[in-house]
Amino acid sequence: MTAREFLTNVTIILTIMAIGALIETALPMFVARPWARGRRGANLGLTALSFVSNWLLASVAATAALSLRPTGLLARLGWPIWLDIVVGIVVLDFSVGYASHRTMHAWPAMWRFHRVHHSDAFVDVTTTYRTHPVETGWRFLFAIVPIWLLGIPAQAVVIQRLLQATNGVIEHGNIRLWPPLDRVLSLVWVTPNVHKIHHSRDFSETNSNYANLLTIYDRLLGTYTPSTRAASVVYGLDNAEGMSKASCPGLVTMPFQSSARRELPDTKVRFEAGAGR
Ligand SMILES: [Zn+2]
């Protein structure tokens, strides 16, 4: 990725975040308490770190792609290009959006890093890229493997990244959606209400609604919680109180602190414990 492409990407994402922030002002879901403003600096610091991490990883991948040609399974099937693009977007949405995310909740070593994102006690557009650079690398692996194995067309990669960035900002946005519209959209699409449940302190809700674009993976794999529960969600993590006020360096070192013990004993057990609610 050239410096020009990097700056274009950053400009697009910051523009989407600015639009999301305007919608938050016009249609807020929850009233932001005064302390919520104090976390934005650290969140935006991690956002900048995410941009740089992605740039470095994309540059390494581009260099590797020149010597390692994709296996091109999709090309061998001879499907029309539009179908390759649609399949590529759906595969990447599953791999990067759902599978990489669910594994971070299930594997304690990765949860240490992903809990930085969940430690935000308020959720708005600045939470979107409150992610640790190790998480960025983890998600990148889940993109690069299917791209290489299937030979996913570049157009699919660009469209999926754009959709992922846009919906990532919207779903974290403190945005109130008209309930009937939310009910219809959430049949197939991850709305702000669907994702807000994922930021709940209640682990039976935290361990659900992993998807980024389509809700079908959560629905098919038994990890879907209806979006109607969003209004009662309490954000954050019980044993990470105070991390909302942490500085950017504090969030980067958070996974290495002794308090970062395993909090999610077993995803499956948690679901069973939460069953019937
Ligand atoms: Zn998560």
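All ligand and atom numbering here is 1-based and tracks the order in the structure.
Ionic pairing of Arg40 and Asp120 is not present here: no N-O contact between side-chain nitrogen and carboxylate oxygen is shorter than 4.0 angstrom.
For His105, the N, O or S atom with the smallest separation from the Zn ion (ligand 1) is NE2. His114 has its closest N, O or S atom to the Zn ion (ligand 1) at the position named NE2.
Here the angle centred on the Zn ion (ligand 1), running from NE2 of His198 over to NE2 of His118, is 90°, rounded to 10°.
Side chain of His117 to main chain of Arg130: a donor-acceptor pair is present (N/O by atom type, distance under 3.5 Å, no hydrogens or angles).
If you check the side chains of His198 and His105, you find a donor sitting under 3.5 Å from an acceptor. Between the side chains of Asn193 and Thr191, no donor-acceptor pair is found at a separation under 3.5 Å.
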### Query
Given Phe122 and Phe30, is the ring-ring contact (aromatic ring centres under 6.0 Å, His included) satisfied, shown in steps?
CA-CA 9 Å; Phe122 192 72; Phe30 294 116; 7.2 Å; no

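Within the coordination shell of the Zn ion (ligand 1), defined by N, O or S atoms under 2.8 Å, His101 is present. For residue His117, no N/O/S atom approaches the Zn ion (ligand 1) to within less than 2.8 Å.
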